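Report on one structure; see the data block that follows.
Residue numbers begin at 1 in each chain, while the letters A, B, ... track the order of the sequences. Values in this document were obtained by computation on a predicted structure and should not be read as measured data.
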Amino acid sequence: MFDIKWIRANADAFDAALATRGAQPRSAELLALDDHRRQVIAHLNEAQETRNAASKQIGKAKAEKDDQRASALMDEVAHLKSTIQKGEAEERELEANLRQKLAELPNVPLADVPVGEDEDGNVEYFGPNSSRELAAKARPPKPEFAFAPKQHFELGEALGGMDFETAAKLSGSRFVVLKSQVARLERAIGQFMLDMHTLEHGYLEVQPPLLVRDEPLYGTGQLPKFLADQFGVLKDVTAEEQSERMWLIPTAEVPLTNLVRESILDEAELPLRFTALTPCFRSEAGSAGRDTRGMLRQHQFNKVEMVSITTPEQSTDEHERMLACAEKVLSRLGIHYRVMTLCTGDMGFGAQKTYDIEAWLPGQDTYREISSVSVCGDFQARRMDARYRPKDGKPRYVHTLNGSGTAVGRALIAVMENYQQEDGSIAIPDALQPYMGGLTAIGNS
RNA sequence: GGAGAGAUGGCCGAGUGGUCGAAGGCGCACGCCUGGAAAGUGUGUAGGCGGGGAACCGUCUCGAGGGUUCGAAUCCCUCUCUCUCCGCCA
């Protein structure tokens with residue numbers, strides 16, 4: 001969400017930023033609306049001032065038992081009542097109108113974000129040193145196979161650990177039933193990641209609600225624009241019409257970021273770092289037909305999420321730090337990956353800048369997104385009214401960041417495809433063995 | 001699910017129509033006092049919006065949103081949340 005004052009002062013930059021996201025210029029329209037709003041406020045304040053002064057006099061007169069003077073004063077300001085009421089109503093309406101328009105505008109990309117229309121405009125990122133060699137050295141190499149590697153669902157079904165048919169009977173397409181050692185492996189991956197972020201990276205473990213009201217979704221930017229991507233539930237299905245609606249979280253970013261909503265934090269407590277392992281629910285309404293096979297794109301999946309709340313000065317460094325935390329997961333698992341800086345046209349609604357981590361999937365012979373790490377500036381903070389108090393001075397909006405660390409379902413896919421053996425069994429990466437009771441492989445016993 | 005009680009500033013807590021953004025206390029900040037500290041003492045201590053270069057001025061906010069009134073923390077309506085008792089329950 002934008003500060004209308006910022007738009008007033010930076011109208012051209014604002015319109016230019018919208019253009020990089022493929023949107024039309026809006027500053028003229030918004031500023032005209034704001035001018036009108038301010039005019040109304042000025043008139044309203046004037047009328048209120050007159051009324052307040054008179055009311056004080058009336059109070060005084062009544063205290064002095066001077067009823068004549070009191071009623072004379074009352075007559076004098078009686079007509080202001082309707083003026084004020086009209087002004088208040090008009091201000092409310094203009095305010096809501098402006099807020100609604102601002103709420104549907106995407107965030108402005110940072111200056112170093114590549115400009116592009118879609119994912120073809122994304123640029124590979126080799127770390128703060130921009131060194132392809134250093135990055136290649138630090139990351140696990142691409143595995144080589146003496147046989148044709150299979151896709152995860154072929155492996156999973158053969159192991160008796162992935163059942164899409166039964167899931168479809170229960171819930172329709174884009175669900176899966178995991179069983180036996182595959183289910184255990186999925187659980188192990190989640191625990192491994194969560195332990196890493198809490199024990200090594202300084203994140204606070206949180207178990208948030210999975211069901212939230214409208215406001216948190218509005219705060220992080222899923223509402224009002226992306227209503228169709230959400231799963232909603234009714235609190236009382238027997239009273240469908242009057243029933244309160246709640247939302248299944250599409251990501252733990254929603255409850256974790258909103259932990260600080262409507263608060264003023266102390267500067268000394270920043271940055272705050274939260275992590276959670278939660279199921280995520282997405283209706284993905286627009287993407288029917290993409291990745292229909294396997295568990296790459298599901299209505300429900302587990303994900304370890306990281307969220308940081310920082311000062312404006314800290315946020316870009318925190319972004320690099322968070323990316324490093326997510327990369328560490330893949331390094332430790334020994335999975336080859338690359339990092340992409342998303343271009344302006346491919347970034348999410350609330351992001352100023354986003355890195356995607358794409359894991360190598362040998363079965364698909366391609367890289368697939370497994371983590372997305374974004375810095376949002378004060379965009380979400382404004383929507384949530386989340387601020388901090390600098391050592392000396394007025395409250396300022398915090399900056400927020402979020403990143404997957406990482407998607408558990410997709411990590412399962414990556415582990416299975418990268419660690420598959422010719423006989424269809426899956427070797428267990430060293431890092432996961434403690435979480436698998438010491439097993440070194442599944443499926444060959 | 002049934003019955004009842006509440007929500008006031010960073011915290012506690014007074015205030016049931018009139019100079020109340022709000023007594024008092026605690027906390028915090030700065031000063032005085034002191035060799036230093038404690039104690040004591042003085043002053044200050046919310047946020048949003050509009051106007052102004054600024055000092056500052058105006059306005060709104062006592063859980064949230066509406067309403068009544070010349071005037072609302074105080075009266076009315078709706079909502080949210082908290083607490084107590086009963087029932088149910090992993």
Salt bridge check, A:Asp163 against A:Lys179: does any charged N sit closer than 4.0 Å to a carboxylate O? yes
Could you state the atom-to-atom distance from NZ of A:Lys56 to C1' of B:G17 in whole Å? 16 Å
Ranking B:G47, B:G18, B:C49 by distance to the side chain of A:Lys5, first place goes to B:C49
Mind telling me whether A:His201 and A:His197 have parallel, tilted or perpendicular rings, with 30° and 60° as the class edges? tilted
Could you work out the separation of B:G47 and B:G42 based on their C1' atoms and round it to a whole Å? 27 Å
Check this for me: does any side-chain nitrogen of one of A:Asp15 and A:Arg26 sit under 4.0 Å from a carboxylate oxygen of the other? no
Could you tell me whether the phosphate oxygens of B:U59, OP1 or OP2, come under 4.0 Å of any side-chain nitrogen or oxygen in A:Arg51? no
Go through B:G47, B:U59, B:G66 for me and flag the one nearest to the A:Arg92 side chain. B:G66
Between B:C60 and A:Asn52, is there an OP1 or OP2 to side-chain N/O distance shorter than 4.0 Å? yes
Gap between atoms CD and C1', on A:Glu262 and B:G47 respectively (whole Å): 13 Å
Under the rule of Watson-Crick or G-U wobble with both distances under 3.5 Å, where | means paired to another strand and [ ] a crossing pair, RNA chain B maps to ((((((((.[[[..)..(.....]]]((((((.......))))))((((((....)))))).[[[[[..)....]]]]])))))))....
A:Arg38 side chain N/O closer than 4.0 Å to the phosphate oxygens (OP1, OP2) of B:C49? no
Output the rounded distance in Å from CZ (A:Arg213) to P (B:U80). 7 Å
Can a salt bridge be assigned to the pair A:Glu91 and A:Arg38 using a cut-off of 4.0 Å between side-chain N and carboxylate O? no
Tell me which nucleotide among B:U19, B:G18, B:G48 gets nearest to the side chain of A:Arg387. B:G48
Strand-adjacent residues in residues 71-85 of chain A, judged by heavy atoms under 4.0 Å from RNA chain B: A:Met74, A:Val77, A:Lys81, A:Gln85
Give me the atom names and distance for the closest heavy-atom approach of A:Arg332 to A:Ala431. O-CB, 3.6 Å
Please tell me which of the listed nucleotides, B:C60, B:G18, B:G50, lies nearest to the side chain of A:Ala42? B:G50
Between CD of A:Glu215 and C1' of B:C81 the distance, given in whole Å, is 13 Å
Any side-chain N or O of A:Lys62 under 4.0 Å from OP1/OP2 of B:C70? no
Atom-pair distance (CD on A:Glu49; C1' on B:G51), nearest Å: 11 Å
Rounded to whole angstroms, how far apart are CG on A:Asp35 and C1' on B:G51? 14 Å
Any salt bridge linking A:Glu318 with A:Arg273? Criterion: basic side-chain nitrogen under 4.0 Å from a carboxylate oxygen. yes
Below the 4.0 Å mark, does B:G47 have OP1 or OP2 next to a side-chain nitrogen or oxygen of A:Arg389? yes
Run the ring-centre check on A:Tyr388 versus A:Tyr397 and record whether the distance is less than 6.0 Å. no
